[in-house]
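Because only heavy atoms are used, hydrogens play no part in the values below, and waters and symmetry mates are left out as well, while side chains stay in. Residue numbers begin at 1 in each chain, while the letters A, B, ... track the order of the sequences.
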Number of protein chains: 2
Amino acid sequence: MGQNNPDRYFLSENNLPFADFLHFGLSVDCVIFGYHSGSLRVLLIQRGAEPFKDSWAIPGDLVYPDEDLNNSANRILTHLTGLKNIYFEQFHAFGSVDRHPVGRVITIGYYSLVRSENYQPVASMWAKNVKWFDIEDLPKLAFDHSEIINKAILNLRKKVRTEPVGFELLPEKFTLLELQGVYEALLSERFDKPNFRKKILSMNVITPLNEVETNVAHRPAKLFNFDKKRYDELKNNEITFEL
Amino acid sequence: MGQNNPDRYFLSENNLPFADFLHFGLSVDCVIFGYHSGSLRVLLIQRGAEPFKDSWAIPGDLVYPDEDLNNSANRILTHLTGLKNIYFEQFHAFGSVDRHPVGRVITIGYYSLVRSENYQPVASMWAKNVKWFDIEDLPKLAFDHSEIINKAILNLRKKVRTEPVGFELLPEKFTLLELQGVYEALLSERFDKPNFRKKILSMNVITPLNEVETNVAHRPAKLFNFDKKRYDELKNNEITFEL
DNA sequence: AAACTTATAGTACTTTTTACTTTAAGAAAA
DNA sequence: TTTTCTTAAAGTAAAAAGTACTATAAGTTT
């Protein structure tokens, strides 16, 4: 396999037609995170075909020959959820030699954050079943998808400390306690309520609305929304989301 | 191209032989960082063959069909520098449709940190020239390599705040002022000397040696080394490298 | 031996964090 | 209508951490 001749594949030396090197498959897989009543969930599909027929897996697909990676991720997300402009982020490439039983397929891992109350994902031809799973209670997964999810969680937990991604999991209008719940789920850490409020408000990136929550059996909390414009103005003055 | 039929490539539906999907090239490119007297540098090669013959580029190669991504990065680094066990990290996959003039080639970007005083990289058949460049003063680069370097720098700057990667750029034994220099170069920020010392020492991850620097025209500073064992013990108690 | 340079220790002040207590506001039950 | 309950929201005091310095020590060079 050329291991004894380390230069064999160097672009500058080989004399083979370039097409001889185009022997890899390429796919994109998306770890879709949602938040519901205190816990973090991922959206899984049950595969309708071999390999790993009937196994649970994260949604993904082969990349089109004329499609950029981000477009591919976007296509998969829209196709599965019906939602456009979902927040997503590439986080790692997985390319073990034996990760795919049928050939050498590299997959680019993306994670995505959705407001899970917005829609109900539906099964389709290529996914006989679609379901939310709590991240603490995942089934056995196809391919190396468990590894992919674990890496996605680690990446998300780092990201959440430096960028305001937590808001992507909440509806437009939210209470401070809901926001606290999201951060507690993301970081699996409890916060003191008055201090959380103080800290978040001091960042000046959420604005209070003239509305309160309804249908609650106690004093209703004020609703807020995330002020992206204000965030963009402030982010150079070293805003961080360390809580 | 199947754009009107979004399911065309879904693994579960197509009836084509799987080999028909294996039409991508795969490479690994390494952004090698070094530190020298106050500034951060990257190691570039001058290409000896088309495409982009004579252009400066970051070192990289096609991945072997039977080689994992990390092994590929390691091979490239060892081949170029002669050093083993260099620190490296995968940071992003680049897969624009037109990023490679000869075909659809996805590249996995790695960055690496080396103690640059340890060796002198040498030119070879596939690289007619090898040279360190200050990151503030880079030449025009082949392919999308400028974009790759920029992304690598952003990633490294984030990494350095949560993990003790700064030590990878220094020799085994170093003074506190040298360490401060590395962090100042990495974060492009100046620190107060007494406070930097206080902060680093309070982390308990460097140990003082019974040695001082030599050949300096003033009071010699004490030498320290990084205590990886101690770091591993402490890192669960939320150590961060915010300076 | 004096002058100079840099290491290292120390200190006083400010800001932030942490762990609480108190008060307010609405809903539901009596 | 009044009482009780629950949670929102504001306030406070002590501790910790960060900041901006000053002072002293330990070597080299002249």
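- One atom, CZ of A/Arg219, and another, P of D/dC5, lie 19 Å apart when rounded to the nearest Å.
- Side-chain nitrogen and oxygen atoms of A/Lys193 include none within less than 4.0 Å of the OP1 or OP2 phosphate oxygen of D/dT7.
- The nearest heavy atom of DNA chain C to A/His218 and to B/His218 marks one nucleotide each, and the one closer to the 5' end goes with B/His218.
- In this structure, CD of B/Gln180 is placed 13 Å from C1' of C/dT8, rounded to the nearest angstrom.
- Taking side-chain N and O atoms only, A/Arg197 has no distance below 4.0 Å to OP1 or OP2 of D/dA8.
- C/dC20 atom P lies 11 Å from atom CG of A/Asn195, rounded to whole Å.
- Salt-bridge check for B/Arg161 with B/Glu189: passed, with a basic side-chain N closer than 4.0 Å to an acidic carboxylate O.
- Rounded to whole Å, atom P of C/dA25 lies 20 Å from atom CD of A/Glu211.
- We find that B/Glu211 and B/Lys173 are joined by a salt bridge, their nearest charged nitrogen and carboxylate oxygen being less than 4.0 Å apart.
- Nucleotide D/dG18 holds its P atom 12 Å from the CD1 atom of B/Ile200, rounded to whole Å.
- Of the two residues contacting DNA chain D, namely A/Pro220 and A/Lys198, the nearest-nucleotide position lying further toward the 5' end is that of A/Pro220.
- B/Leu179 has its CG atom 13 Å from the P atom of C/dA7, to the nearest Å.
- In this structure a side-chain-to-backbone donor-acceptor pair under 3.5 Å is present from B/Glu184 to B/Phe191.
- Of the listed nucleotides (D/dC21, D/dG11, D/dA8), D/dC21 has the atom at the smallest distance from the side chain of B/Pro194.
- When each of C/dT6, D/dA8, C/dG26 is scored by its nearest atom to the side-chain atoms of A/Ala221, the top-ranked nucleotide is D/dA8.
- In this structure, B/Lys199 reaches the sugar-phosphate backbone alone: every heavy-atom distance under 4.0 Å involves primed, P, OP1 or OP2 atoms, never a base.
- Nucleotide D/dA10 holds its C1' atom 11 Å from the CG atom of A/Leu201, rounded to whole Å.
- When each of A/Lys229, A/Arg230, A/Lys228 is tested with A/Asp232 by the rule salt bridge (Lys or Arg N to Asp or Glu O under 4.0 Å), just one qualifies, namely A/Lys228.
- Closest to the B/Ala217 side chain, of the nucleotides D/dT28, C/dA9, D/dT7, is D/dT28.
- Between A/Phe143 and A/His145, the angle of the ring planes lies from 30° to 60°, which puts this pair in the tilted group.
- We find that CG of B/Asp192 is positioned 13 Å from C1' of C/dT8, with the value rounded to whole Å.
- Comparing C/dA7, D/dA8, C/dT8 by their nearest atom to the side chain of B/Lys222 picks out C/dT8.
- Residue A/Val216 is classed as a sugar-phosphate contact, given heavy-atom separations below 4.0 Å to backbone atoms only.
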